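A short write-up of the structure that comes next.
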Amino acid sequence: MKRIKLTVAYDGTNYCGWQIQPNGITVQEILENCLEDLTGKKTEILGASRTDAGVHAFGNVAVFDTDMRMPGEKFSFALNQRLPEDIRIQKSEEVSLDFHPRYRESEKTYLYRILNRQFPIPTERLYSHFTYIPLDVEKMAEAGRYLVGEHDFKSFCGAGAQVKTTVRTIKKVQVSREGSLITIEIRGKGFLYNMVRIIAGSLIEIGGGMYPPEHMKEILEARDRQAAGPTAPARGLTLAGIRYKED
């Protein structure tokens, strides 16, 4: 028996998120079906990030166990021949049997894209959040700096999350603009349910002039979801990648 690690990219538009659920098709379900077709056996996949419906990924990570003799690096080619066009394996490799994608020390990087112009662009509608309200990127960047470090992010935790602690460590928050596209890049050791989308919603309010940048510090200190901004739409969010300590 060996364990294979997959780096998975997908367009989340047509899926009800990563994790298998009864109310719709998911990325995990598609992958497991393709694996069963390849190996001839029912195979469970363990994913690193349970992205929500409509959220995209360049580099989510998942593992599965198999007794197939196929070399680890060949699984990417075999699976990509079976997967739909909106899911593609970027890399496959054999790892130790004790490697768990969720419990190994790692850093995740998320990107949130905002189309900020007078009118929407149809080709961007599935991969960015549109707002015509002019956003001040410098104020958004200033506000984002309050989030860097170890904090209690209870104000940025979606309802229904079951966690032992809401303390998390953020390593980087960067806000940049290229033309009409604003990108929020957030890197951290772990994230709460809807945390990045709530941060994005709060930064949009600050960028639009509703609050000054220092309001982000007040949101953190409140430890109250009602103090933060709205949860930004899923389509603007992409899991860019996951880097493990051994990498």
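Treat the numbers as computed from the prediction; the structure is a model and nothing was measured.
- Between A48 and Y244, the shortest heavy-atom distance links the atoms CB-OH, 3.6 Å.
- Taken to the nearest 0.5 Å, the CG atom of N80 stands 9.5 Å off from the SG atom of C34.
- Atom NZ of K154 sits about 15.0 Å away from atom CE of M195, to the nearest 0.5 Å.
- Between R223 and E221, no side-chain nitrogen of the basic residue sits less than 4.0 Å from a carboxylate oxygen of the acidic one, so the salt-bridge criterion is not met.
- The 12-atom threshold is exceeded at NZ of K108, counting heavy atoms of other residues, nucleotides or ligands nearer than 6.0 Å.
- Donor-acceptor pairing under 3.5 Å is lacking for the side chains of N33 and R82.
- In this structure, K2 places its NZ atom where more than 12 heavy-atom neighbours from other residues, nucleotides or ligands lie under 6.0 Å away.
- Expressed to the nearest 0.5 Å, how far OG of S106 lies from NE2 of H100 amounts to 11.5 Å.
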May I have the list of side-chain donor-acceptor pairs in residues 178-193 shorter than 3.5 Å, sequence neighbours left out?
residue: E185; atom: OE2; partner: K172; partner atom: NZ; Å: 3.2
residue: R187; atom: NE; partner: E107; partner atom: OE1; Å: 3.2

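- Of the N and O atoms on the side chains of Y110 and S49, at least one donor lies less than 3.5 Å from an acceptor on the other residue.
- Listed here is the closest heavy atom pair of T43 and E32: O-CG, 3.4 Å.
- W18 and V55 fall into different hydrophobic clusters, where Ile, Leu, Val, Met, Phe, Trp and Tyr residues are linked whenever their side-chain heavy atoms come under 4.5 Å apart, directly or through other members.
- Put simply, the side chain of Y132 does not reach to within 4.5 Å of the side chain of Q118, judged on heavy atoms.
- Here the CD-CG distance, from E44 to D65, works out to 9.0 Å after rounding to the nearest 0.5 Å.
- In this pair, H215 and Y211 present their aromatic rings parallel. The plane angle is below 30°, not in the 30 to 60° band.
- Looking at K5 and E93, their side chains come closer than 4.5 Å, going by heavy atoms from C-beta outward.
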- [ ] In sequence, state the C-alpha distance, the side-chain angles, and the governing distance for Q21 and E29, and then conclude on side chain to side chain contact (heavy atoms under 4.5 Å, CB included).
- [x] CA-CA 9 Å; Q21 51 185 288; E29 180 183 352; over 6 Å; no
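- Between the T238 side chain and the A240 main chain, no donor and acceptor come within less than 3.5 Å of each other.
- The closest donor-acceptor contact from the side chain of H56 to the backbone of G12 lies under 3.5 Å.
- Within the 3.5 Å criterion, the main-chain N or O of N194 finds no donor-acceptor partner in the side chain of R197.
- No side-chain heavy atom of V8 sits under 4.5 Å from any side-chain heavy atom of V61.
- At least one side-chain heavy atom of D86 sits under 4.5 Å from a side-chain heavy atom of Y15.
- In this structure, the separation between CE on M210 and CD1 on I133 is 7.0 Å, given to the nearest 0.5 Å.
- Looking at L31, I30, T26, I25 one by one, the single match for side chain to side chain contact (heavy atoms under 4.5 Å, CB included) with Q28 turns out to be T26.
- Going from atom CG of L135 over to atom CG of N116 covers 4.0 Å, rounded to the nearest 0.5 Å.
- The number of heavy-atom neighbours closer than 6.0 Å to CD of E138, taken from other residues, nucleotides and ligands shown, is 12 or below.
- Looking at every heavy atom in both residues, A232 comes nearest to Y112 through CB-OH, 3.2 Å.
- For the pair F153/I170, a side-chain contact is recorded, criterion being any heavy-atom separation below 4.5 Å from C-beta on.
- The closest side-chain heavy-atom distance from V63 to I45 is not below 4.5 Å.
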Open item on the list: One pair to check against side-chain hydrogen bond (donor to acceptor under 3.5 Å, both in side chains): R225 and T231. What are the steps and the verdict?
Closed with: CA-CA 10 Å; R225 173 64 188 93; T231 304; 3.1 Å; yes
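- Within the 4.5 Å cutoff, side-chain heavy atoms of F75 are placed close to those of T66.
- Annotation: F58 is not in aromatic contact with Y10 [ring centroid separation under 6.0 Å not met].
- Residues F99 and R104 meet the side-chain proximity criterion, which asks for heavy atoms closer than 4.5 Å.
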TODO: For F64 and L6, run side chain to side chain contact (heavy atoms under 4.5 Å, CB included): C-alpha distance rounded to whole Å, both residues' side-chain angles, the deciding distance at 0.1 Å, then the answer.
DONE: CA-CA 8 Å; F64 66 92; L6 303 175; 3.9 Å; yes
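- In this structure, E150 places its CD atom where only 12 or fewer heavy-atom neighbours from other residues, nucleotides or ligands lie under 6.0 Å away.
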- [ ] Test I219 against F156 for side chain to side chain contact (heavy atoms under 4.5 Å, CB included), laying out the working first.
- [x] CA-CA 9 Å; I219 296 174; F156 300 95; 3.4 Å; yes
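- Scanning for salt bridge (Lys or Arg N to Asp or Glu O under 4.0 Å) contacts around K41 gives D67, with sequence neighbours left out.
- K139 approaches D136 most closely through the heavy-atom pair N-OD1, 3.1 Å.
- In this structure, S76 contributes its side chain and K91 its backbone to no donor-acceptor pair below 3.5 Å.
- Closest heavy-atom contact between A234 and A53: CB-O, 3.2 Å.
- One finds no salt bridge joining R88 and D11 here, because no Lys/Arg side-chain nitrogen approaches an Asp/Glu carboxylate oxygen to under 4.0 Å.
- The main-chain N or O of D224 is found under 3.5 Å from a side-chain atom of S155 such that the two form a donor-acceptor pair.
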TODO: May I have the step-by-step check of side chain to side chain contact (heavy atoms under 4.5 Å, CB included) for S202 and M216, ending in yes or no?
DONE: CA-CA 8 Å; S202 302; M216 189 63 81; 4.0 Å; yes
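- Residues I206 and A143 approach most closely at CD1-CB, 3.7 Å, considering heavy atoms.
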